[in-house]
Chemist: 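Questions regarding the structure given below will be posed in turn.
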Amino acid sequence: RRAKTPEPVEVTLSGVHAEGPGVPLTGERVQSYNCSLEEPEEVPEWWSEGKCYPVQRAMSDANGDFKFPLPDIILPADNADGDDLYAELSMYWNAERFLDRMATLGVPKFKCELSTMLANYRTTELSPSYPDLAYTPLNNAYWTNNCTPGSGATMIFGQGGAVDFGYDGDVVYHELGHGMVSLLTPAGLGGRRMRSDALVSDAGGINEAVADYFSVMLTNDPLLGDYVARFWPGYGAAIRDAENDKTCPDDTVGQVHNDGEPFMAALWATRKRVGGERLDPMVIDMLTRLPNDADLETASWTLLDLAEQAHVAGQWSQEDLD
């Protein structure tokens, strides 16, 4: 598979209202922060010693627009620039796009009334593993489940050693996907289930698989994390590929990201055959029915039961059901 960097386009941001200069990226549902190594005049209460300082740096211009230098991801220095403003904007736009799409699928609200997204996260200490960087990078992104503005970030996107996780829309959608899972599973989805032969941690794998699926909903592409993987040594074309041949139990090892891949493969294969307009809302419905310690069998049978109901109602053909 080949990838090509798209031509830049102008988009209209929703939620944020700026008619003049100096307005930060704080909207009705999302607020976007950067993370600076330089101490600002006002330090947020949720800053921790040794960490970068959360600060809103991406401000509107005189016309009320948010236009910042675009990174050239072919250049390693641009990928490792922890002070760029583009990551802050990328997070915001992708989050609004995600939330708008969920509303069309019948979920008009999110886990958090106002989500705080933090870009360029790293620590101030120097690392011998990264002698060319003036910080210790974070090669990851996290959903924290914190919905209280002013007490911490809801989602953290690391400034990695060779990539910026805030640049990758797939990563943003995945973390927001965890928020949707948290909203739609009343008891959560991450418990362990006792079985006669094992302690099963499938629920965490299902959580990861569905978070991946939310990304697939937005992109209609089985590759997840194309940018991060291509410019982060050791990965290749993608962090994960929904079009895989992994199966349970041969490829489940007790690591949640790994163990979600067989279920994600089944979801993607089904989506290609019956279409997202049918499967996407059904996956959302499935989440509301899963217990905290759901295993892969429970999730599979729950989804199949919903498909059988759609077949009885005349909404799915026998071929769809098969």
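Keep in mind that this is a model prediction, so the values were computed, not measured. Side-chain atoms are counted along with the backbone in the values below, which use heavy atoms only and exclude waters and symmetry mates. Residue numbers count from 1 along this sequence.
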Chemist: Side chains of Cys52 and Ser36: does their closest heavy-atom pair fall under 4.5 Å?
Modeler: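 Sidechains of Ser36 and Cys52: no contact.
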
Chemist: Give the minimum heavy-atom separation between Asn146 and Thr154, together with the two atoms involved.
Modeler: O-OG1, 2.8 Å

Chemist: Are more than 12 heavy atoms, taken from residues, nucleotides or ligands other than Glu19, located less than 6.0 Å from that residue's CD atom?
Modeler: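 For Glu19, atom CD is not crowded (no more than 12 foreign heavy atoms under 6.0 Å).
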
Chemist: Do you know which of Asp170, Asp212, Asp226 makes salt bridge (charged side-chain N to carboxylate O under 4.0 Å, His left out) with Arg240?
Modeler: Asp212

Chemist: Does some side-chain heavy atom of Val256 sit less than 4.5 Å from a side-chain heavy atom of Asn207?
Modeler: no

Chemist: Say whether, by atom type as modelled, one donor and one acceptor occur between the side chain of Ser90 and the main chain of Tyr86 under 3.5 angstrom.
Modeler: no

Chemist: Would you say Thr252's side chain and Asp259's backbone share a donor-acceptor pair under 3.5 angstrom?
Modeler: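 Not a single qualifying donor-acceptor pair exists.
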
Chemist: Below 4.5 Å, heavy atoms only, C-beta onward: do Val107 and Leu183 meet side chain to side chain?
Modeler: yes

Chemist: Going through the checks in order, is the side-chain contact (heavy atoms from CB on, under 4.5 Å) test met by Ile73 and Asp164?
Modeler: CA-CA 10 Å; Ile73 57 176; Asp164 190 321; over 6 Å; no

Chemist: Would you check if the side chain of Asp305 reaches a backbone N or O of Thr302 as a donor-acceptor pair within less than 3.5 Å?
Modeler: no

Chemist: Can you confirm whether or not the ring centre of Phe165 sits under 6.0 Å from the ring centre of Trp232?
Modeler: yes

Chemist: I'd like to know if the side chain of Arg122 and the backbone of Gly82 have a donor-acceptor N/O pair within less than 3.5 Å.
Modeler: yes

Chemist: With a 4.5 Å cut-off on side-chain heavy atoms, are Pro291 and Thr298 touching?
Modeler: yes

Chemist: Measure across Val16 and Pro24 and return the closest heavy-atom pair with its distance rounded to 0.1 Å.
Modeler: CG2-O, 3.6 Å

Chemist: Glu96 and Ser14: side-chain donor and acceptor closer than 3.5 Å?
Modeler: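 The criterion, which ignores hydrogens and geometry beyond distance, is satisfied for Ser14 and Glu96.
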
Chemist: Are the side chains of Leu114 and Gln31 in contact, using a 4.5 Å heavy-atom criterion?
Modeler: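 When only atoms from C-beta onward are counted, Leu114 and Gln31 do touch, with a gap below 4.5 Å.
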
Chemist: Between Met180 and Lys109, which heavy-atom pair has the shortest distance, and what is it?
Modeler: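 Heavy atoms of Met180 and Lys109 come nearest at SD-O, 4.5 Å.
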
Chemist: Heavy-atom distance under 4.5 Å between the side chains of Leu189 and Leu184, does that happen here?
Modeler: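 No, every pair of side-chain atoms sits at 4.5 Å or beyond.
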
Chemist: Less than 4.5 Å apart, side chain to side chain, heavy atoms only: is that true for Arg193 and Leu199?
Modeler: no

Chemist: With a 4.0 Å cut-off on N to O distance, would you call Glu319 and Arg273 a salt bridge?
Modeler: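 No salt bridge links Glu319 with Arg273.
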
Chemist: Please check if the side chain of Asn292 supplies one atom and the backbone of Ala187 the other of a donor-acceptor pair under 3.5 Å.
Modeler: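 Here the side-chain-to-backbone pair exists.
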
Chemist: Quick one: do the Asn120 and Asn34 side chains pair a donor with an acceptor below 3.5 Å?
Modeler: yes

Chemist: Using the rule given for side-chain hydrogen bond (donor to acceptor under 3.5 Å, both in side chains), can you reason through Gln255 versus His257, listing the C-alpha separation, both sets of side-chain angles and the distance that settles it, and then say yes or no?
Modeler: CA-CA 6 Å; Gln255 201 284 334; His257 297 90; 3.2 Å; yes

Chemist: Please check this pair: side chain of Gln159 against backbone of Asn79, looking for a donor-acceptor N/O pair closer than 3.5 Å.
Modeler: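 Such a contact is found between Gln159 side chain and Asn79 backbone.
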
Chemist: If every non-hydrogen atom of Asn244 is compared with every non-hydrogen atom of Lys246, which pair is closest and at what distance?
Modeler: OD1-N, 2.9 Å

Chemist: Assign the ring pair Phe231 / Tyr227 to parallel, tilted or perpendicular, where the plane angle (0 to 90°) is split at 30° and 60°.
Modeler: tilted

Chemist: For a quick test of reading the model, state the closest non-hydrogen atom pair linking Val210 to Val181 and the distance between them.
Modeler: CG1-CG2, 3.9 Å

Chemist: For Arg97 and Tyr173, does a side-chain donor sit closer than 3.5 Å to a side-chain acceptor?
Modeler: yes

Chemist: When you look at CZ of Arg192, are more than 12 heavy atoms from neighbouring residues, nucleotides or ligands closer to it than 6.0 Å?
Modeler: no

Chemist: Within the side chain of Arg101, is there an N or O that forms a donor-acceptor pair under 3.5 Å with the backbone of Met217?
Modeler: yes

Chemist: When you measure from the side chain of Asp65 to the backbone N and O of Asp61, does any donor-acceptor pair fall under 3.5 Å?
Modeler: no

Chemist: Could you check whether any side-chain N or O of Glu88 sits under 3.5 Å from a backbone N or O of Ala58, counting only pairs where one atom can act as donor and the other as acceptor?
Modeler: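 It does hold such a pair.
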
Chemist: Glu113: what forms a side-chain contact (heavy atoms from CB on, under 4.5 Å) with it, not counting sequence neighbours?
Modeler: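 In terms of side-chain contact (heavy atoms from CB on, under 4.5 Å), with neighbours along the sequence ignored, Glu113 is linked to no residue.
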
Chemist: Should Leu138 and Ile156 count as side-chain neighbours, where that means a heavy-atom distance under 4.5 Å?
Modeler: yes

Chemist: Indicate the ring-plane relationship of Phe98 and Phe110, choosing parallel, tilted or perpendicular according to the 30° and 60° boundaries.
Modeler: perpendicular

Chemist: Surrounding CD of Glu277 (heavy atoms of other residues, nucleotides or ligands, distance under 6.0 Å), is the total greater than 12?
Modeler: yes

Chemist: Backbone N or O of His178 within a donor-acceptor pair of the Ser182 side chain at under 3.5 Å?
Modeler: no

Chemist: Report the C-alpha separation of Trp268 and Phe263 in whole Å, then their side-chain angles, then the decisive distance to 0.1 Å, and conclude whether the ring pair (Phe, Tyr, Trp, His ring centres under 6.0 Å) test is met.
Modeler: CA-CA 9 Å; Trp268 173 251; Phe263 192 61; over 10 Å; no

Chemist: Measure across Trp143 and Cys112 and return the closest heavy-atom pair with its distance rounded to 0.1 Å.
Modeler: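 So the two residues come closest at CH2-SG, 4.1 Å.
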
Chemist: Quick one: are the ring centres of Phe157 and Tyr121 less than 6.0 Å apart?
Modeler: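 No, too far apart.
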
Chemist: Whether the Thr26 and Gln56 side chains hold a donor-acceptor pair (N or O, under 3.5 Å, no angle test) is what I'd like checked.
Modeler: yes

Chemist: Heavy-atom count around Lys51 NZ within 6.0 Å, excluding the residue itself: above 12?
Modeler: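 Open.
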
Chemist: In a check of side-chain contact (heavy atoms from CB on, under 4.5 Å) between Trp316 and each of Val274, Asp322, Leu306, which one passes?
Modeler: Val274

